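A short worksheet on the structure shown next.
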Amino acid sequence: MRISPELRRKLISVAVVSTALLTAAPASVAVAQESAPTPAVPAAQTEAAPGTPAERLIVGYKSGASEAKSDKAAAADAATKAEKTGEDVDFQRRLGTGAALVELGTDPSRASVADVVAQYQADPQVAYVVPDRLNKPTAVTPNDTEYSKQWDLFESTAGMNVPGAWDTTTGTGVTVAVIDTGYVTHSDLAANIVGGYDFISDTAVSVDGNGRDSNPADPGDWYNANECGAGIPASTSSWHGTHVAGTIAAATNNGKGVAGIAYGAKISPVRVLGKCGGYDSDIIDAITWASGGSVSGVPANTNVAKVINMSLGGGGACSSATQSAINGAVNRGTSVVVAAGNENTNASSSSPANCNNVITVAATNRAGSRASYSNYGTVVDISAPGGETRTTTANGILSTLNSGTKTPSSENYTYYQGTSMATPHVAGLAALMKSANSALTPAQIESAIKANARALPGTCSGGCGAGLADAAKTVQAVKGGSSTGTTFSSTTAVAVPDNGAAIESPISVTGRSGNAPSALQVGVDITHTYRGDLVIDLVAPDGSAYRLKSAASDSADNVNTTYTVNASSEVANGTWKLRVQDTAAQDTGTLNGWKLTF
């Protein structure tokens, strides 16, 4: 990505002030049931309190820089920065997005981090430098039982109307990647588990005795008091990823346990969270790999996911590094569903909830009101049942778990509450939709979920998105979907000049009546050597422009995807144009063609 020096300074300023990489809230926090008022459930943290220094940085180089392609050059650059600052600066590895992970030594100070960041900031070959932040699960509380207890699926008041979707689809043919703590064996999930990966590179976090490998088994994420930060109490293992996975795809109609929302789908467990949380760098590589991208040193994914569930996150802006990974996943056709966070605050301050190209999910309680702990705000796209156990644990979300307090023991079922629990409800719905209509793009999935939501039966202060997700209505709306529309296309190739003026390609639409649809499909096929440079707009016949893609930190090649535009205010007939501009130097491309589907 190329960003202006002014914007880069702002990003780095934020990174330095927040001085990421911290030890934060516990991975699983017991619900306060007797205090009044009930305190907000702590969300997982990605950044420490001000004053805690970063230990690692993620450095994105401009596409023309040798450091962007050569590990040797990136290592040499780190050595140069070390010499100039007198600090330890070591290149560690290349992330799946092409960025470099740089380690700053065992005990860096706030001042030393600022010095190193300033050196990278001043380097004209650097597009961005952000802290490698620590993320944690956004989970909450345990207990026990089975399907009749799953009010979140079927109750008329605030359930998600899931059984009504099962007549159409159960999610067959779709893999959902659960980027979380991994998977602990459970007989009510085993039939739907496929290969995943353990992306935790630090053994202190992984606690399984090794770094990255093909075994995503969850060994437990327990910790002692103060082990994850001063004042943080001890915690037992959460088995968080297994609880999330059960909500999405627990085996159903098998005479035991709970039902999964998309029980015909498969779960690929992708482990990024361990003791005290997990690093952005591991999560970025997990997003890339799970969606079919390439990560150095990691075998190709044979179970590419069309839906990613991330029930994790914390404070701070969405970093350029994380956004790049998300953009890459969505461009490869994978929907990314994330938790809004559990701090009872505006989700605009929570990452990855505040990233673009994600479906951000707030949590509702059994009455259909926003749960007391759930984050809210304009970045929230949709709400789903997350439970609230202040009066009784039965008002939580029941799913698959393990009874072990530290290491795995016997399997069980337990009630949790949190936006971590709401998120897999929507990920499960996305899997149902993709199974019902495989042509759906991530943008279409998000649009349909929001368009077919129902008003919250309860209350929400602050903003809860489009309402409560409705599985049956949404699946019915997309069944058979976009293939029935009328398509107008252009196959005339147009060169996209390097760092030049915008080009436009016209399509003449005739024979339509009235206005364009609220879900106009814009298919784009562009060959380009650094798609992060590209800005793409749809221009309506009256000259109104709709931004399809902004310039971003995305070093991958090509744009071959379908965007969804609400063009209902535009007359359908007339000349529509696709406008494409390369906003930075050193890369070239061609608009091969594009199409409009009404």
Side-chain angles (χ1 to χ4, degrees), residues 152 158-162 164-165 168-169 261-262 306-310 326 330 333-341 346-348 352-364 368-370 374-386 419 422-437 439-460 462-479 481-482 485 516-522 546-548 561-569 597:
D152 47 307
M160 216 174 76
N161 199 12
V162 173
T168 301
T169 179
I261 290 170
K306 287 305 177 185
V307 182
I308 285 174
N309 187 103
M310 289 201 295
I326 290 169
V330 171
T334 300
S335 296
V336 182
V337 188
V338 304
N346 197 304
S348 62
N354 54 16
C355 293
N356 295 323
N357 271 345
V358 299
I359 303 173
T360 300
V361 187
T364 53
S369 295
R370 177 173 69 86
S374 177
N375 287 354
Y376 50 82
T378 57
V379 303
V380 172
D381 294 301
I382 195 70
S383 296
T419 54
T423 305
H425 283 76
V426 176
L429 172 54
L432 292 175
M433 296 166 69
K434 190 70 175 176
S435 177
N437 182 355
L440 290 174
T441 66
Q444 290 172 313
I445 287 173
E446 177 179 348
S447 177
I449 289 173
K450 294 193 284 191
N452 292 285
R454 69 182 195 269
L456 290 185
T459 61
C460 172
C464 288
L468 183 63
D470 187 310
K473 183 179 178 183
T474 305
V475 167
Q476 188 59 40
V478 303
K479 181 183 178 183
S482 58
S518 60
L520 177 64
Q521 305 304 304
V522 186
Y546 295 83
R547 179 57 50 89
L548 304 180
T561 191
T562 300
Y563 300 96
T564 300
V565 174
N566 182 354
S568 57
S569 63
T597 302

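Fair warning: this is a prediction, and the values are worked out from it, not measured in the lab.
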With a 3.5 Å distance limit and no angle check, can you tell me whether [X] reaches the backbone of [Y] through a side-chain donor-acceptor pair?
X    : Y    : result
N357 : I326 : no
T364 : A384 : yes
S369 : T459 : yes
N161 : A471 : no
K434 : L440 : yes

Side-chain contact, heavy-atom cut-off 4.5 Å: [X] with [Y]?
X    : Y    : result
Q521 : T564 : yes
N437 : Q444 : no
I261 : H425 : yes

Rounded to the nearest 0.5 Å, what separation is found between the [atom1] atom of [X] and the [atom2] atom of [Y]?
X    : Y    : atom1 : atom2 : result
M160 : R454 : CE    : CZ    : 9.5 Å
M310 : I359 : CE    : CD1   : 11.5 Å
T423 : I308 : OG1   : CD1   : 13.5 Å

Shortest non-hydrogen contact from [X] to [Y]?
X    : Y    : result
N566 : Y546 : O-CE2, 3.7 Å
T597 : L520 : O-CD1, 3.5 Å
L432 : A165 : CD1-CB, 4.1 Å
A427 : V307 : O-CG1, 3.8 Å
A362 : A422 : O-CB, 3.6 Å
S383 : C464 : OG-O, 2.8 Å

- Begin with the C-alpha distance, continue with both residues' side-chain angles, and end with the deciding distance and a verdict on side chain to side chain contact (heavy atoms under 4.5 Å, CB included) for D381 and E446. CA-CA 8 Å; D381 294 301; E446 177 179 348; 3.3 Å; yes
- Item | Candidate pair T419 and N375, rule side chain to side chain contact (heavy atoms under 4.5 Å, CB included), full reasoning | CA-CA 8 Å; T419 54; N375 287 354; 5.8 Å; no
- Intermediate values then yes/no, side chain to side chain contact (heavy atoms under 4.5 Å, CB included), D470 and N452: CA-CA 7 Å; D470 187 310; N452 292 285; 5.7 Å; no
- Query: Would you say the side-chain atoms of S435 and T169 include a donor-acceptor pair closer than 3.5 Å?
  - Reply: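 Their side chains do contain a donor-acceptor pair, which is all the 3.5 Å distance test asks for.
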- Is there a side chain to side chain contact (heavy atoms under 4.5 Å, CB included) between V475 and L429 once you walk through the steps? CA-CA 8 Å; V475 167; L429 172 54; 4.0 Å; yes
